[in-house]
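Structure first, commentary second.
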Amino acid sequence: MARPREFDPDKALEQAMDVFWQHGYEGASLPDLLSGMGLTRGSLYKAFKDKRSLFLLVLNRYEQIAVAQAVALLGDDSLPDGADRIDALFASITDAVEAGDKRGCLLCSAAAGPSSYDPDIAAAVKQALQQMHDGFSTALAASDIPPEEQPALADLLVTQYVGLRIMARSVDRLDVLSRAGAAVAGLLRRG
């Protein structure tokens with residue numbers, strides 16, 4: 001008779017997310033994952049197969065939580081002006097760093113790392129970045145930006161968002177993040 005799992009798989013995924021978020025995919029060693037998740041090697045492999053499979057599950061969970069939260073903010077009708085929604089999203093990057101969270105964005109770190117050589121990770125990153133693009137498009141549709149400019153601006157906002165979230169992991173100077181966020185706000189409020 002098989003023994004029942006002695007751990008909560010959802011909690012283990014949350015703990016794995018923290019490890020990958022802190023160390024990145026390449027930097028998260030098996031001992032880091034085992035320690036962070038409180039699992040034995042056998043339990044990890046039985047439940048999640050391998051590090052790559054675990055990372056794909058973590059990316060999916062991150063998309064359901066963090067990406068969905070960002071997209072919800074970009075579509076929040078309680079802020080009638082879409083530019084205000086975008087400002088709020090970019091301000092949240094600086095706010096997180098000011099509060100001591102320098103993890104950046106797990107999705108953005110995956111975009112800058114393992115998605116360049118792993119097609120499954122690349123597909124997961126592409127799907128989540130498309131959701132961000134769609135969120136920016138929704139916000140732009142509720143702004144004063146001319147409709148013909150919105151698709152290119154949504155592309156620009158995605159790249160700016162990814163860049164700032166990656167920089168949040170390494171920049172000690174909040175002024176760099178703040179200036180970049182202000183530049184986005186200025187772009188949205190031009191003319």
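Only heavy atoms go into these numbers, but all of them, side chains included; no hydrogens, no water, no symmetry mates.
- Atom CG of L153 sits about 5.5 Å away from atom CD1 of I145, to the nearest 0.5 Å.
- Between T40 and L34, every side-chain heavy-atom pair lies at or beyond the 4.5 Å cut-off.
- Contacts of D87 classified as salt bridge (charged side-chain N to carboxylate O under 4.0 Å, His left out), with partners at least two apart in sequence or in another chain: R189.
- Remark: S178 pairs with no residue by the side-chain hydrogen bond (donor to acceptor under 3.5 Å, both in side chains) rule, at least two apart or across chains.
- To the nearest 0.5 Å, the span separating CE on M17 from CG on L106 amounts to 7.0 Å.
- Heavy atoms from other residues, nucleotides or ligands lying under 6.0 Å from CZ of R41 number 12 at most.
- For D77 and R85, the salt-bridge test passes: some basic side-chain N is under 4.0 Å from an acidic carboxylate O.
- Here D84 contributes atom CG and S143 contributes atom OG; the two are 10.0 Å apart, rounded to the nearest 0.5 Å.
- Under the ring pair (Phe, Tyr, Trp, His ring centres under 6.0 Å) criterion, Y161 pairs with no residue at all, not counting sequence neighbours.
- W21 places a side-chain N or O within donor-acceptor distance of the main-chain N or O of G104, the cut-off being under 3.5 Å.
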Check your understanding: Is there a side chain to side chain contact (heavy atoms under 4.5 Å, CB included) between L89 and M132 once you walk through the steps?
Key -> CA-CA 11 Å; L89 181 63; M132 289 298 300; 4.0 Å; yes
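- The side-chain heavy atoms of L33 and L39, taken from C-beta on, include no pair separated by under 4.5 Å.
- Two residues are said to be in side-chain contact when any heavy atoms from C-beta on lie closer than 4.5 Å; K51 and Y25 meet this criterion.
- For E98, there are no side-chain hydrogen bond (donor to acceptor under 3.5 Å, both in side chains) partners two or more places apart in sequence or in a different chain.
- Between the CG atom in L56 and the CZ atom in R61 there is a gap of 14.5 Å [rounded to 0.5 Å].
- The shortest heavy-atom contact between V58 and F20 is CG2-CD1, 4.1 Å.
- Of the possible polar contacts, none joining the D76 side chain to the L73 backbone as a donor-acceptor pair under 3.5 Å is found.
- When side chains are defined from C-beta on, R52 counts as touching D118, because their heavy atoms get closer than 4.5 Å.
- No side-chain heavy atom of F136 sits under 4.5 Å from any side-chain heavy atom of L156.
- Summarising the geometry of V71 relative to G135, their closest heavy-atom pair is CG1-CA, 4.3 Å, with the distance given to 0.1 Å.
- Among all heavy-atom pairs drawn from S137 and A154, the shortest one is OG-CB, 3.6 Å.
- Counting only heavy atoms from C-beta outward, the side chains of V125 and I121 approach each other to under 4.5 Å.
- Residues A12 and M37 share a closest heavy-atom pair of O-CE, 3.5 Å.
- Counting heavy atoms of neighbouring residues, nucleotides and ligands inside a 6.0 Å radius, atom CD of Q69 does not exceed 12 of them.
- Considering only heavy atoms from C-beta on, S43 stays 4.5 Å or farther from F48 through its side chain.
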Practice item. Please report the C-alpha distance between E63 and L107 in whole Å, then the side-chain angles of each, then the deciding distance to 0.1 Å, and finally whether the side chain to side chain contact (heavy atoms under 4.5 Å, CB included) criterion is met. Key: CA-CA 8 Å; E63 180 182 342; L107 170 68; over 6 Å; no
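- Considering CG of D134 and CG of L74, their distance stands at 10.5 Å, rounded to 0.5 Å.
- No donor-acceptor pair closer than 3.5 Å links the side chain of T138 to the backbone N or O of G75.
- Between the CG atom in D18 and the CD atom in Q15 there is a gap of 7.5 Å [rounded to 0.5 Å].
- Across L164 and A180, no two heavy atoms sit closer than the pair CD2-CB, 3.4 Å.
- Between C108 and I166 the shortest heavy-atom distance is O-CD1, 3.5 Å.
- Taking the side-chain hydrogen bond (donor to acceptor under 3.5 Å, both in side chains) definition, one finds that S53 meets it with D50, sequence neighbours left out.
- Counted within 6.0 Å of CG on D95, heavy atoms from surrounding residues, nucleotides or ligands total more than 12; the atom is thus considered enclosed.
- When the side-chain hydrogen bond (donor to acceptor under 3.5 Å, both in side chains) test is applied to Q22, no partner is found at least two apart in sequence or on another chain.
- A distance-only check finds no donor-acceptor pair linking the side chain of Q131 to the backbone of V67 [under 3.5 Å].
- A 4.5 Å side-chain heavy-atom check between P114 and F55 finds at least one atom pair inside the cut-off.
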